[in-house]
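Before I ask anything, here is the structure I am working with.
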Amino acid sequence: MRAYDVIKKKRNGEKLTAEEIEFLIEGYTAGEVPDYQMSAWAMAVFLQGMDSQETAKLTEVMAKSGDMIDLSPIEGIKVDKHSTGGVGDTTSLVLAPLVAACGAPVAKMSGRGLGHTGGTIDKLEAISGFETGLSRDKFIDSVNQQGVAIAGQTGNLAPADKKLYALRDVTATVDSIPLIASSIMSKKIASGADGIVLDVKVGSGAFMKVYEDSVELAQTMVNIGKEVGRNTIAVVSDMDQPLGLAVGNALEIVEAIETLKGEGPTDLTELSLTLGVQMLLLAEVAEDKEKARTMLEEAINNGSALAKLKEMIDNQGGNGEVVNNLDLLPQAENSLEIKVEDAGYVEKIAAERVGVAAMLLGAGRETKESDIDLAVGVELVSKVGVEVEKGDTLAVLYYNDEQNLAEAKEELLGAYQIGSEKPEQSPLIYEIIN
Ligand code: URA
Ligand code: CA
C-alpha cells in the first residue's frame with residue numbers, strides 16, 4: 001500500500017477501507033508517513049468528508065495509537081463527561097462531586113488549559129495542597145472508596161491525534177466535522193470510560209458557530225460511540241454568552257461551591273443538572289429522567305454533593321475546609337468595576353472576548369509555557385436580557401498586575417453589546433441526541 005494512493009482515493013471522493021485508514025494513521029504515528037502527505041490527506045478529508053464507518057475506524061485507530069486506560073478495577077459503570085469547550089464552563093467541577101454523591105463512580109482525567117482560562121486541573125490547583133498527579137493505584141482506590149477522583153492526564157493518550165491535531169492546526173483543516181469528532185472521541189475512548197456524555201457547545205464562544213453544524217458534530221460523535229461500543233449521549237448547549245458568572249480559576253471554584261450549595265447561577269445549575277441526568281442514566285443508577293433529576297436536586301438540597309466535594313479535596317491532599325470558608329482560596333489584590341456607558345438592554349456578551357479579557361489579566365495561558373495567576377479573572381454582573389442604567393456595573397475585573405488592565409477593560413467593554421430593545425433569550429439547551 002502507498003500513502004499516495006490513499007490520498008488520491010480520498011481526493012476523488014471515494015470511501016477508504018479500514019486497512020487504508022489503519023495504514024495511514026499507524027504509518028504517520030510511526031514517522032513513516034511524512035507531514036506533507038498527511039497534510040494533503042487531511043485537506044482531502046476536509047473537502048470530501050468521511051462516512052460514519054470511516055470516521056469510526058479513524059477514531060479507533062487513533063485511540064489505539066497509545067495507552068488504552070483500563071478502568072475495570074473500578075466497580076460500576078464509569079461515565080465521563082466532555083465539553084467541546086467554551087468560556088467560563090464550570091460544569092466539570094460541579095458534576096464530579098454531584099454525580100458521585102448520587103452513587104455513580106467518577107474517574108475523571110482532565111487536562112490543563114491552553115486558552116482563556118485554565119483547565120479543570122488548573123482550577124483545582126487553586127485549592128491549596130490539592131494533588132492532581134495521582135498514581136494509577138491511588139486514582140483507582142480513590143474512586144472505589146470515595147466514589148470520585150480527578151487526576152491530571154498521564155501517559156501517552158492517543159499520540160496519533162496529538163500529532164494530527166498539531167498538523168491540522170497549521171494547515172487550515174481543524175474545522176472538519178469528521179476530524180473533530182474522531183479527535184475528541186479517540187481521547188475519550190483511550191481514557192477508558194464505559195459511557196460518555198458530551199456537551200457540544202454552539203454559539204459565538206464555541207468551535208461550532210452555527211446550530212446545524214453543532215448538531216451534525218453531536219450526531220457524528222454519538223454514531224462513533226455506537227460503532228465502537230461505548231454508550232454516548234450528546235447535549236447541544238448555548239455558548240453565545242459565557243456560562244455562569246465567573247471566568248477565572250479560583251473564581252470558578254467559588255462558583256462551583258455555590259452551585260453545589262444550590263446558590264449558583266441559573267444557567268450553570270440548569271446545564272449541570274441536564275448533563276448530570278444523562279450521566280446517571282448511562283451509569284444505570286437511575287431508571288428514568290425524572291428520578292435522575294430528583295436525585296441530583298436532593299443531593300444539592302441535603303448537602304451531600306457539597307460534602308462529596310469536601311471529601312474529594314481532603315482525599316487528594318487539599319484543605320476541604322475551603323467549601324465552608326471561601327477566604328482560603330487565593331484572592332486578587334485589586335478589583336475594577338466596569339460600568340455601563342449607555343443605558344439599555346444587554347443584547348449580547350461575546351464569550352470569546354470575555355475569555356480574552358480574563359486571559360489578559362493572567363487567568364489563562366498564551367503559550368504552553370505561560371504561568372497562570374489562579375486568583376484573577378472576570379465576574380459578570382449583568383448577563384443577556386438585563387436592563388441596565390448608565391453607571392450600573394456590567395462586570396468586575398479581579399487583577400494583581402496592572403500591565404494589561406487597560407486592554408482587558410477594553411475587551412470587556414467590547415464584549416458587551418447594549419441596545420434599546422429587550423433581546424430574545426436563546427435557549428440554554430437546544431437538543432439531546434442519543
Ligand atoms: N478539540 C479536540 O480535541 N480536537 C479537535 O479537533 C477540536 C477540538
Ligand atoms: Ca463560569
Side-chain angles (χ1 to χ4, degrees), residues 21 24-25 28-29 35 38-39 41-47 49-50 54-67 69 80-87 89 91-92 108-121 152-153 155-193 196-210 213-225 228 230 232 234-237 239 351-352 355 364-365 368:
I21 293 170
L24 202 69
I25 298 297
Y28 183 54
T29 313
D35 278 348
M38 209 58 195
S39 309
W41 176 79
M43 187 57 83
V45 171
F46 179 90
L47 295 170
M50 289 200 296
E54 293 173 287
T55 309
K57 187 66 199 176
L58 173 62
T59 308
E60 194 187 329
V61 179
M62 291 203 296
K64 289 182 176 158
S65 66
D67 300 341
I69 294 177
D80 200 357
K81 170 249 156 193
H82 180 81
S83 153
T84 61
V87 176
D89 187 344
T91 51
S92 285
K108 182 141 191 72
M109 260 165 285
S110 270
R112 291 186 188 280
L114 181 63
H116 305 135
T117 51
T120 299
I121 291 300
Q153 260 157 28
N156 190 24
L157 278 194
D161 170 64
K162 198 170 182 188
K163 205 169 165 188
L164 181 57
Y165 194 18
L167 189 70
R168 287 164 55 210
D169 207 20
V170 292
T171 55
T173 50
V174 168
D175 42 354
S176 145
I177 287 175
L179 293 179
I180 297 173
S182 54
S183 167
I184 292 173
M185 289 296 285
S186 67
K187 286 171 282 205
K188 288 290 117 185
I189 290 162
S191 350
I196 301 161
V197 174
L198 299 162
D199 178 14
V200 177
K201 308 280 196 189
V202 59
S204 66
F207 245 100
M208 296 287 133
K209 313 282 180 207
V210 179
D213 291 346
S214 68
V215 171
E216 192 183 334
L217 176 63
Q219 189 67 59
T220 304
M221 292 195 284
V222 170
N223 288 345
I224 293 171
V228 303
R230 313 268 178 129
T232 304
V235 173
V236 178
S237 74
M239 192 32 85
E352 191 83 34
R365 290 185 183 79
K368 253 188 252 173

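All ligand and atom numbering here is 1-based and tracks the order in the structure.
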Notebook entry, point to check: Quick check: does any side chain N or O of Asp67 sit under 3.5 Å from a backbone N or O of Asn156, one acting as donor and the other as acceptor?
Noted result: yes
Notebook entry, point to check: What do you reckon, is NZ of Lys162 surrounded by more than 12 foreign heavy atoms closer than 6.0 Å?
Noted result: no
Note to self: Could you check whether Lys163 and Thr29, counting side-chain N and O atoms only, form a donor-acceptor pair closer than 3.5 Å?
What the structure shows: no
Next item on the list: Would you check ligand 1 and list the protein residues that come within less than 4.0 Å of it by any heavy atom, ordered by chain and number?
Entry: Tyr165, Arg168, Ile180, Ser183, Ile184, Lys187, Phe207
Margin query: Test your reading of the model: is there a side-chain donor-acceptor pair from Arg230 to the backbone of Gly225, 3.5 Å cut-off?
Written below: no
Item checked: Thr84 OG1 to Met239 CE distance, which is reported to the nearest 0.5 Å -> 8.5 Å
Notebook entry, point to check: Could you state the interatomic distance from NE2 (His82) to CE (Met185), rounded to the nearest 0.5 Å?
Noted result: 10.0 Å
